[in-house]
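As structure tokens, the structure follows; a few thoughts come after it.
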Amino acid sequence: MSEDQPETGPAAYDPHAVQQTWLPVWDALDLNRAGRRAGAPKKYVLDMFPYPSGDLHMGHAEAWAIADIVSRYWMRSGFDVLHPAGWDSFGLPAENAAIKRGEHPAAWTYANIDVQADSFRRYAISFDWSTRLHTSDPEYYRWTQWLFLRFRERGLAYRRNSAVNWCPNDQTVLANEQVVAGKCERCGAEVTKRELTQWYFKITDYADRLLDDMKQLEGHWPERVLLMQKNWIGRSVGAHVDFVVKPVTEAGQQGHRPVTVFTTRPDTLYGATFFVVAADATLADELCAPSAREAFEAYRIETRKLNDIERQATDRPKTGVSLGVTAVNPLNGEELPVFAADYVLADYGTGAIMAVPAHDQRDLDFARAFDLPIRVVVQSDAEDPAVSGVATTGDGVLVNSGPLDGLRKAEAIERAIVILADRKTGAKAVNYRLRDWLLSRQRFWGAPIPIVHCPSCGEVAVPDDQLPVRLPDDMKGEALKPKGQSPLASNEAWVNVRCPSCGGPAKRDTDTMDTFVDSSWYYLRYCSPRYTEGPFDLDAVRAWMPVAQYVGGVEHAILHLLYSRFFTKVLHDMGMVDFVEPFTSLMNQGQVINGGKAMSKSLGNGVDLGGQLAAYGVDAIRLTIVAAGPPEEDIDWADVSPASTLKWLGRVVRVATDVAATSGGERDAGVDKAVAKAVDEVTRLIESHRLNVAIARFHELTTTLRRAVDAGVGEPSLRDGVHALAVMLSCYAPYTAEELWSTLGHDVRSGDSVHDSVWPTADPALLVDEVVTCVVQVSGKLRDKLEVPPGISEDELRAVVLALPRIVELLGGVEPRAVIVRAPKLVNVVPG
RNA sequence: GCCCCCGUCGCGCAACCGGCAGACGCACGGGUCUCAAACACCCGACAGUGUGGGUUCGAAUCCCACCGGGGGCACCA
């Protein structure tokens, strides 16, 4: 006997045999095809599509189990469901693997995709496999390129030179969103700055709408994600104020020039005592007086040496140099000394600020370091900032501020804006923390940017009928090594082309697009994945979109999700879609961890999904993952027990077998009621995404049925119970549910599958109890209980309770001060 | 530094609008079956919601403060 296999004795349930029985049958039945329930209302269920790095792991198992429950639940509930499959198959790991193995990135990529596809199939995800797409297919990226060109036509894709994030390890630029705490999101290397001409999407044009449309998502997206997006966009309202910068001495220097600053505190204009320009901004270079040139250049070189982490350390002392010019305050005509400093950011606001040391901590720190005046203009109870070293930012009354004197902060802000507007030296303004999306990458394995650079015509778009601009098939291994510019640049045959406009010799743009561009519109492509007339068929998108349920990790809260929302809004403005938000409802699944820590190779605490599936079977793993807690919370694999889940599945199958063997007998009202209650509750629980709690109801129903069988309850009630359990369980444990279904006598092979069955409904009559337990409290403490009819009136219930011996005794003859009656469930007696 | 979320039996987690706290699972103890064990089945106990205050007839749930844990942003004017 197999003593080394304690979980699977001879009598135990064998999940592998069950899997082998039903998987081929399902393949033949093609149960998950979108459009199968034509005419029914539609639902679109989507997981954030996977990146093909090796086989599936525990994280995939969780995310897809969750989405699959929703998908199957909606199928059972009569919806026509689209649950598509595809891969986000461009990206760096494939390229790095190709370099190591001397291959083309496609080899590794498509081999991994096949492995994952097979695993998904066995894991019984209800995919419509006919939708399958890969973003690295030319049939897909042709349309990524097409969309890029449409964005460019609208002025939403442009090229500019500026200091950008550079990953020295991956040898490519990165978007702001891909820099986490100064490090490359992918490889962890410290990000440096480089001056480069790069392609951008003008996402900042959509900042307001990205913010305002979040109202539609409230209650349907995790609050946390909405908050993160809100912070990331970072709208701040204030004013633009026009200063005039002029030389300190007139002789030999450039004339006056206007310089605008952004401030959220125009009320403190009279408190400005100096002026600061970002040292790395071209503005600083332009303003610098000849006398200050040498010091400025030296400072600028020092500044550039710093990496982002050093530079952003808030406890770093303030540094800067004078630019030898002054800025004139438009409100009081005061001339302020102008400095270049690295605490002012070149790419936020206008890259220049008015410094109000009394009411801004950074300005105060700088003023103290450079011995500049500190002037309080908002009087409050707080200590003088010049003494305390702490800037006051709260409310107060304006002083030393001419026309603003006596006003409170909020009023003064309004008033200052009016005055500025009257004098035409400023206006109300809004600023965003959000930057434009840097989309070009100096890497090979991505969609080429469909632009040709012509010496005479300049930037020329590749005509639509010449798309896709294909990646060359002949580049492998060493040829893909990063060298600071795209590997494509070294491929002469690929780079040199005729200009589409003048026919003269020209060169292709050698950068490829950020893979987040690919994933910003894939959900639209899924609606018509083989469409050849455009990125998607407008009618198909109208039919399926927006996505009813999106499932994915919170790590994409501000990357993929923000980008996709942006794309959708642009497509809306292009008239291609008629909605502005792509994902109606979002669920963030937690992570699967082990022993309190994220699984990692270095810790050696990884749990191999394949091994778990081999030991316990697909259903036990799916159930274990989902039962462990709410979908959005992390699961510690050390806390769960797939072995006991497998035991329970065995118990379920045995009950079903026993029920199938009974015949005749009377219905049992108790069992009927229990089944109705379970159905009612499970339905509500799944609808509200409390997927784990539904499993507790499955356990209860199983116990009820077991006891009923043992008590000799008649077949009709038992059969209905197993039927309901099988259908509900089909969402969670597809194989076992089919086994139950088959046990009940359904001919699965002829198409009567539990995965084509109809969700049970609970007879409302069975949900009403004949008696309810009424709780009797005295001063809120439980003192007695009694059974009452559900329809009992308040007066009746009050009389009954006040007559209870226990209550009479507790009251001791004194009239109660109050009797709160919530018929039929509760009475609270408050003694006098 | 700023912002957000979470603290319930030994563990993981339940509890609709404030109204019987602890469903369900794990672990634990006992029993039935067995020559014995495994499997299976049955039964069971314990413990009151991080701490302190407030609102209320009544608080796990609402408010305030603190403690502990997790996360986001971070020189953003």
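Proteins come first, then strands; the chains are lettered A, B, ... in the order of their sequence lines, and each starts at number 1. From a predicted model like this one, the values you see are computed outputs, not experimental measurements.
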Identify whether any heavy atom of [X] sits under 4.0 Å from a base atom; if not, whether one sits that close to sugar-phosphate; answer base, sugar-phosphate or nothing.
X	value
Ala628(A)	sugar-phosphate
Leu826(A)	base
Asn231(A)	nothing
Asp347(A)	nothing
Ile558(A)	sugar-phosphate

Under the 3.5 Å rule, do the base of [N] and the side chain of [X] count as making a donor-acceptor pair?
X	N	answer
Lys318(A)	rC75(B)	yes
Gln777(A)	rG19(B)	yes
Arg690(A)	rA14(B)	no

Using the C1' atom as the reference point in each nucleotide, state the distance between rC6(B) and rA60(B) in Å, no decimals.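 These two C1' atoms come out 13 Å apart once rounded.
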What's the gap between rA21(B) and rA59(B) when it is taken at their C1' atoms, as a whole Å value?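 Their C1' atoms lie roughly 12 Å apart.
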Heavy-atom check, side chain of Met587(A) versus side chain of Ile66(A), under 4.5 Å: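 Sidechains of Ile66(A) and Met587(A): in contact.
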Is there a ring-ring contact (aromatic ring centres under 6.0 Å, His included) between Tyr432(A) and Tyr348(A)? Walk through the geometry before answering. CA-CA 8 Å; Tyr432(A) 302 91; Tyr348(A) 183 77; 9.3 Å; no
Relative to the ring of Phe366(A), is the ring of Tyr343(A) parallel (under 30°), tilted (30 to 60°) or perpendicular (over 60°)?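 The rings of Tyr343(A) and Phe366(A) sit tilted, inter-plane angle from 30° to 60°.
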Nearest-angstrom distance from the residue atom CG of Asn692(A) to P of rG25(B):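 Answer to the nearest Å: 14 Å.
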Paired with rG44(B) by Watson-Crick or G-U wobble geometry, both distances under 3.5 Å: which nucleotide is it?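 rC28(B) is the nucleotide pairing with rG44(B).
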Heavy atoms from C-beta onward define the side chain here; which of rC5(B), rA74(B), rC20(B) lies closest to that of Glu223(A)?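 Of rC5(B), rA74(B), rC20(B), rC5(B) is nearest to the side chain of Glu223(A).
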Where does rG29(B) land, syn or anti, given syn is within 90° of 0?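 Anti for rG29(B); the angle lies over 90° from 0.
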Pull up the glycosidic torsion of rC17(B) and say syn or anti, syn being anything within 90° of 0.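 What rC17(B) shows is a syn base, its glycosidic angle lying within 90° of 0.
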